[in-house]
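Counting convention: from 1, in listed order, for ligands and their atoms alike.
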Amino acid sequence: MAPTNICCIGAGYVGGPTCSVIALKGGDQVKVTVVDINQKRIAAWNSDELPIYEPGLDEVVQQCRGKNLFFSTDVAGAIKAADLIFVSVNTPTKLYGLGKGSAADVKYIESCARAIAEHSEGPKIVIEKSTVPARTAETLDRILRANCKPGITFEILSNPEFLAEGTAISDLMSPDRVLIGGSTTPEGQKAIQALSAVYEHWVPKDRIITTNTWSSELSKLAANAFLAQRISSINAMSAICEATEADVSEVARAIGKDSRLGAKFLQASVGFGGSCFQKDILNLVYLADSLNLHEVADYWRQVVILNDWQERRFSTRIIKALFNTVSSKKICILGFAFKKNTGDTRESAAIYVCQHLMDEGAQLAIYDPKVKAEQIDLDLKSVSQGQEDRVDRLVTVHSDPYEAMDGAHAVAVLTEWDEFKTYDFAKVYATMPKPAFLFDGRNILDHAALRQMGFEIEAIGKKIH
Ligand SMILES: NC(=O)C1=CN([C@@H]2O[C@H](COP(=O)(O)OP(=O)(O)OC[C@H]3O[C@@H](n4cnc5c(N)ncnc54)[C@H](O)[C@@H]3O)[C@@H](O)[C@H]2O)C=CC1
Ligand SMILES: O=C(O)[C@H]1O[C@H](OP(=O)(O)OP(=O)(O)OC[C@H]2O[C@@H](n3ccc(=O)[nH]c3=O)[C@H](O)[C@@H]2O)[C@H](O)[C@@H](O)[C@@H]1O
C-alpha cells in the first residue's frame with residue numbers, strides 16, 4: 001500500500017517536531033513533507049544546525065530526514081501530493097485594527113487556505129494544528145469551497161497540539177491525549193479515522209479522543225487558560241507568602257498533595273512566558289467579550305494582569321533592595337529563555353524584567369546557555385522603541401556565566417536552567433561589591449548555603465532567614 005502522504009505547512013516549534021515524530025513512528029507507512037515560506041528556516045532544517053533547540057530532536061531528524069521526512073519551500077508541490085495537510089502556522093495576537101491586542105491574527109491561516117484551494121487537484125483532509133479562535137474551521141471551509149477547482153472536496157479537522165517546549169519530543173512520543181475534532185457526517189467521521197490511523201502508529205487508541213470540531217478548537221484555548229491560571233494562582237499566593245512569612249514552596253507541596261488539585265504546575269516564578277499562554281488567554285478574552293460575556297472575559301483577563309504584575313513586582317524588588325537605585329550598577333541576568341531547555345525567548349519574563357531595569361539605567365550582563373546574543377539584542381530593542389541605542393549602551397551578552405557575574409552588584413536568576421545550580425557562588429561572591437545580592441526568580445538555588453556565604457537573598461514567595 002502507498003504510504004499516507006502528509007504535508008505540514010509551517011516549519012516552526014510545532015510543525016517541525018510534530019512531523020519529525022510522525023515520520024519516526026509512521027516509518028514506511030508515511031511520507032511527511034514540512035513546508036515553509038521562510039527559506040532560511042527550511043535551510044536550517046536541512047542542515048546540521050536545526051532552527052530550534054529541543055532535547056532529542058536532532059536524533060529524530062537525523063534518523064528520518066531524506067527517508068520519509070522532507071523539509072522544503074515548495075508549498076504548492078507538497079499540497080498537490082498530500083492526502084492530509086496540517087496547517088501549523090503562527091497565530092499571534094493581532095497588533096492592529098479590530099481586536100488589536102487580544103484577538104488572534106488568522107491571516108496566515110487564511111493564506112494557507114487560499115494556497116490549499118489553489119493547488120489541490122484531488123480530495124484533501126485539512127487539519128488545524130495551529131491554535132485558532134473558536135469556529136476557525138468554518139472560515140477555512142468557506143475559503144476552500146469558494147476558491148477550489150470544481151469537484152474537489154475537503155474535510156476540515158481540528159487537531160490542536162499540547163506539546164510544551166523543552167519536552168516536545170517526549171510529549172509527542174507519549175502524549176497524555178491526542179484530540180481530534182471533526183464533523184459528525186460520514187465523511188467527517190472517515191476523515192477522523194484517517195488522521196487517527198496516523199497517530200495509532202504509536203499512540204494507544206484510548207488516548208485518542210474524538211469530539212465535534214468546536215469542542216476541539218475550544219479545548220485547546222481552555223487547556224492553556226487553565227494551566228496559566230494555576231501559575232497566576234500560585235504567584236498570587238507568593239505575594240501573600242512574602243508578607244506573612246509563609247513559604248510558597250511549602251504551600252504548593254501542601255495543596256498539591258490533594259489529589260483533586262495535583263502537584264504539577266504549582267511552581268511560583270517571576271511570571272510565565274512563552275508564545276502561547278498570554279496569546280491564547282487574550283484570544284479567549286476576545287471571544288468572551290464578543291459573545292457579550294464580559295464577566296467571563298474579565299475573569300480570564302485577570303490571569304494575564306496578575307502575570308504582568310508578578311514580573312513587575314520582581315524587578316521592583318531588585319531596585320528597592322539595591323537602595324532604590326540601580327543606575328550604572330552591574331546586574332547579572334542568569335537566563336533569558338522563557339523556560340529551561342529551550343532557546344525560545346518569546347514573551348519571556350526576562351524581557352520585561354530587563355526592560356524595567358534598563359528604564360532605571362542598570363548595566364545588564366546577560367548569560368543564557370541557549371539564547372543567541374542577536375536574539376537578546378532584538379528582544380530588548382523591541383521593548384525600547386525610540387531609544388534602541390540604550391541597549392548598546394547598557395547591555396552586554398556573555399558566553400561565560402562567571403564573566404557575566406564578575407563584579408556585579410546583584411545576580412538575578414530568571415530561567416530555571418539546571419546548570420545554574422552547579423555554579424561556584426563562593427567564587428562569584430568574592431568578586432561582588434557588598435552587600436552582594438542574589439534574586440532567585442525561580443526558587444532553584446540553595447538559599448541557606450548562599451546566605452551562609454554572605455549573600456543577601458530574595459526569592460519568590462519566601463523570606464530567607
Ligand atoms: N510553540 C509551541 O510550543 C506551541 C504552539 N502551538 C500553536 O501552533 C502554532 C504554530 O506555533 P509555532 O510553531 O510556535 O510558530 P512558529 O512561528 O515557530 O512557526 C510558524 C511557521 O509558519 C510559517 N508560515 C506562516 N505563514 C505561512 C504560509 N502561508 N505558508 C507557509 N508557511 C507559513 C512561518 O514562516 C513560521 O516558520 C500557533 O498557532 C501556536 O499557538 C501549539 C502548541 C505548542
Ligand atoms: O500551546 C502551547 O504553546 C503550549 O503552552 C504550554 O507549553 P510551553 O509554553 O511551551 O511551556 P510550559 O511548560 O507550559 O511553561 C510556560 C511558562 O510557565 C512557566 N511555569 C510553568 C509551570 C510552573 O509551575 N510555573 C511556571 O512559572 C514556565 O517557566 C514558562 O515560562 C503548555 O504547557 C502546552 O501544553 C501547550 O501546548
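- Atoms of ligand 1 lying under 4.0 Å from at least one heavy atom of Lys220, given by number and element, are 43 (C).
- Across the listed options Ile116, Ile37, Val106, Ile37 owns the non-hydrogen atom lying nearest to atom 28 (C) of ligand 1.
- The distance criterion of under 3.5 Å between nitrogen or oxygen atoms is not met by Glu161 with respect to ligand 1.
- With Ala263, Ala168, Gly273 as candidates, the residue nearest to atom 17 (C) of ligand 2 on a non-hydrogen basis is Gly273.
- Defined by atom type and a distance below 3.5 Å, a donor-acceptor pair is missing between the side-chain atoms of Trp309 and Asn235.
- Inclusion of Ala11 in the set of residues having an N or O under 3.5 Å from an N or O of ligand 1 is not warranted.
- Taking a cut-off of under 4.0 Å to the non-hydrogen atoms of Ser275, the atoms of ligand 1 that pass are 1 (N).
- Contacts with ligand 2 closer than 4.0 Å are made by side-chain heavy atoms of Asn224 only, the backbone lying farther away.
- With respect to atom 16 (P) of ligand 1, the closest heavy atom belonging to the protein is Arg41 NH1, 3.6 Å.
- Ring to ring, Phe226 and Trp300 are close: their centroids are under 6.0 angstrom apart.
- Atoms of ligand 2 found under 4.0 Å from any heavy atom of Ser269, numbered from 1 in the order shown, are 26 (C), 27 (O).
- Taking distance alone, with nitrogen or oxygen atoms compared against 3.5 Å, Asn38 stays at or beyond that limit from ligand 1.
- Distance check, rounded to the nearest 0.5 Å: CD1 of Ile79 to NZ of Lys124 gives 8.5 Å.
- Within the listing of ligand 2, atoms 24 (O) sit less than 4.0 angstrom from a heavy atom of Leu266.
- Protein heavy atom at the shortest distance from atom 30 (N) of ligand 1 is Ile9 CG2, 3.5 Å.
- Using a 4.0 Å cut-off to heavy atoms of Ala164, the atoms of ligand 2 that qualify are 7 (O), 10 (O), 11 (O), 33 (O).
- Against a heavy-atom cut-off of under 4.0 Å, Phe162 is close to the following atoms of ligand 2: 34 (C), 35 (O), 36 (C), 37 (O).
- Comparing heavy-atom distances from atom 25 (N) of ligand 2 across Lys340, Arg442, Gln267 singles out Gln267 as nearest.
- With a 4.0 Å heavy-atom cut-off, ligand 1 is reached by no atom of Val132.
- Relative to the six-membered ring of Phe71, Arg65 misses at least one condition, a distance below 6.0 Å or an angle of at most 45° to the axis.
- Interface of Glu161 with ligand 2, defined as ligand atoms under 4.0 Å from a residue heavy atom, comprises 37 (O).
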